[in-house]
Amino acid sequence: MNKPADALALARELLRCPSVTPAEGGALSLLEGVLKDAGLGVRRVTFSEPGSAPVENLYARIGSAAPHLVFAGHTDVVPPGDGAAWSHPAFGGEIVDGTLYGRGAVDMKGAIACAVAATLDYLAATGVKQKGSISFLITGDEESVAVNGTVKLLKWAAERGEVFDHCLLGEPSNVAAVGDTIKVGRRGSLNATLVVIGKQGHVAYPERAENPVRGLVALMSALMAEPLDRGSENFGPSNLEFTSIDIGNPVVNLIPGEARARFNVRFNDCHSQASLKALIEQRAQAAAGKHVRWRIDWEPSNADAFLTKPGAFIDLVVGVIKEMTGRQPELSTTGGTSDARFIKNYCPVLEFGLVGQTMHQVDERTTIDDLITLTAVYRKILDRYFA
Ligand SMILES: [Zn+2]
């Protein structure tokens, strides 16, 4: 079998595994078999925690020396939604006109298949004499709460003496074509609830009450009025977005005693969580003056902003992408969070995978050409990395 066919065949088999998060669905067992056959040592580990479902994870490695390149990814997928809305079954792995359909085609079973195919081909070419180490860090817990996945798997690996030099995470980084975008960082994310406390009373006797809605509106306006920053060299401006206003008052003649509004902040590398909280609370206090009683309940967050610094690894990946696709990739920090936020604590991480246009959508799909291109890019990266 030639290598593009391997990536496609493996991608189809993975798509037929119904691994809706956090179910394993046969996807990790499939990878375990393929990687073991290629000579990698494979470990399966299940992590659990009160209040969340236990989740299966996989770690595989070949070689014992440095440098150590790790391919990271997740085999869990978001639910397909209304199955009848799909033109081709969500877990069928069907190919129509050069396009492979299925939940996870781009996010991100397709990229895992490409990385495995590239590695198998590389190992076949170099035999046991390959320099350094290649590993796979694959979780089944990325799309949901992400507490029993990569974050624990990295810790587990570190406790066993595993040291990674660089990581490629196969999230669908590209916007329109394979090669147009590498993610070199991600914004942070914070959730909070703004609470304004008033005094309950009859609407006909407002002088005996204190309506918290006035204070809430004033504080919300103040927090939306001024930008948090103007962006930084590698990031766009941070953004605060209110997502819900909650008073829950079922009657028409009662001034409520309390009013709440929830918001999310996506923030860049101008801020730490602490400095951001301080800035927002300072603005709220300025708007509240002496009259409004308020507080902000911050939810815990494990999503800080980070940036992988320019250097030889980025240069290598950019060079290979240019050579294999003819495109000059943009180095981007846009989009939501990913498991890269955990990996960056262990080694430099870049995200490069398929085209993200249909991720989490009905008829998620990738072209076979893209699978071939991505496999060729990963394969060439292995050549250069271990040269
Ligand atoms: Zn993903």
Side-chain angles (χ1 to χ4, degrees), residues 1 3-4 6-7 9-11 14 27-28 30-45 57-75 108-139 150 153-154 156-158 160-171 173 182 308 311-317 319-321 324 339-340 342-344 346-354 371 373-387:
M1 257 199 286
K3 61 187 190 266
D6 283 344
L10 181 56
L14 283 171
L28 293 179
L30 174 62
L31 287 177
E32 180 180 9
V34 172
L35 293 169
K36 269 186 177 162
D37 285 349
L40 282 83
V42 181
R43 295 287 306 272
R44 297 273 295 273
V45 269
N57 298 272
L58 178 150
Y59 179 65
R61 175 173 179 168
I62 189 161
S64 54
H68 186 175
L69 179 65
V70 55
F71 287 103
H74 63 89
T75 50
M108 55 165 278
K109 290 173 172 177
I112 290 175
C114 294
V116 170
T119 300
L120 266 49
D121 188 65
Y122 176 77
L123 293 174
T126 57
V128 290
K129 292 192 292 289
Q130 96 277 355
K131 298 177 193 162
S133 305
I134 304 170
S135 62
F136 287 85
L137 190 91
I138 309 292
T139 184
T150 299
L153 191 57
L154 284 161
W156 173 89
R160 275 151 192 81
E162 298 293 316
V163 177
F164 306 114
D165 292 298
H166 298 94
C167 178
L168 274 176
L169 174 59
E171 289 288 352
S173 59
I182 302 177
T308 297
F313 184 54
I314 291 185
D315 293 347
L316 184 155
V317 172
V320 168
I321 290 169
M324 307 305 287
D339 275 354
F342 306 125
I343 299 167
K344 66 101 166 61
Y346 294 83
C347 69
V349 53
L350 297 182
E351 298 178 61
F352 186 71
L354 290 163
L371 291 172
T373 303
L374 184 60
T375 304
V377 168
Y378 286 157
R379 176 69 178 80
K380 183 70 86 178
I381 288 173
L382 290 170
D383 267 342
R384 293 275 160 80
Y385 190 81
F386 295 108

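The residues of the chain are indexed from 1 along the displayed sequence. Computation of the quantities below employed the complete heavy-atom set of this structure, encompassing side-chain atoms and omitting hydrogens, waters and symmetry-equivalent molecules.
- Between F386 and L69, the shortest heavy-atom contact is CZ-CB, 4.1 Å.
- Between A340 and E351, the shortest heavy-atom distance links the atoms CB-OE2, 3.3 Å.
- In this structure the side chain of F313 reaches within 4.5 angstrom of the side chain of L168, judged on heavy atoms.
- The structure places OH of Y59 at 11.0 Å from CZ of R160, a figure rounded to the nearest 0.5 Å.
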- After noting the C-alpha distance and the side-chain angles of V116 and F71, does the key distance pass the side chain to side chain contact (heavy atoms under 4.5 Å, CB included) rule? CA-CA 9 Å; V116 170; F71 287 103; over 6 Å; no
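- In this structure, I381 CD1 and H166 NE2 are separated by 12.0 Å, a value rounded to the nearest 0.5 Å.
- The shortest heavy-atom contact between A11 and A113 is N-CB, 3.5 Å.
- For the pair F136/T119, a side-chain contact is recorded, criterion being any heavy-atom separation below 4.5 Å from C-beta on.
- Under the 4.5 Å side-chain criterion, counting only non-hydrogen atoms from C-beta, L40 is in contact with L123.
- Between W156 and L137 there is no side-chain heavy-atom pair separated by less than 4.5 Å.
- The line from CD1 of I343 to CG of L169 is 5.0 Å long, rounded to the nearest 0.5 Å.
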*Given the rule in the side chain to side chain contact (heavy atoms under 4.5 Å, CB included) test, do Y378 and D121 qualify, once you have shown the distances and angles that lead to the verdict?*
CA-CA 10 Å; Y378 286 157; D121 188 65; over 6 Å; no
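- Here the side chains of F164 and L154 are in contact, with some heavy-atom distance below 4.5 Å.
- Between C114 and A7, the shortest heavy-atom distance links the atoms CA-CB, 4.2 Å.
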- May I have the step-by-step check of side chain to side chain contact (heavy atoms under 4.5 Å, CB included) for I182 and S173, ending in yes or no? CA-CA 6 Å; I182 302 177; S173 59; 5.7 Å; no
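- In this structure the side chain of I134 reaches within 4.5 angstrom of the side chain of Y122, judged on heavy atoms.
- Under the 3.5 Å distance criterion, the side-chain polar atoms of T308 are left unmatched by any main-chain donor or acceptor of P348.
- Using modelled atom types, one side-chain atom of S133 and one backbone atom of A65 make a donor-acceptor pair closer than 3.5 Å.
- In this structure, D165 contributes its side chain and H68 its backbone to a donor-acceptor pair below 3.5 Å.
- Contact check for L120 versus V34: side-chain heavy atoms found under the 4.5 Å cut-off.
- Nearest heavy-atom pair, V377 versus V320, reported as atom, atom and distance to 0.1 Å: O-CG1, 3.6 Å.
- Note that CG of D37 is 10.5 Å distant from CD of E32, once rounded to the nearest 0.5 Å.
- When every heavy atom of L371 is checked against every heavy atom of G110, the shortest pair comes out as CD2-O, 3.8 Å.
- The distance from the CG atom of L354 to the OG1 atom of T373 is 9.5 Å, given to the nearest 0.5 Å.
- Annotation: the span from R43 atom CZ to R61 atom CZ amounts to 13.0 Å, rounded to 0.5 Å.
- Checking each of N57, L58, I112, L30 against T75 for a side-chain contact (heavy atoms from CB on, under 4.5 Å) leaves exactly one that passes, namely I112.
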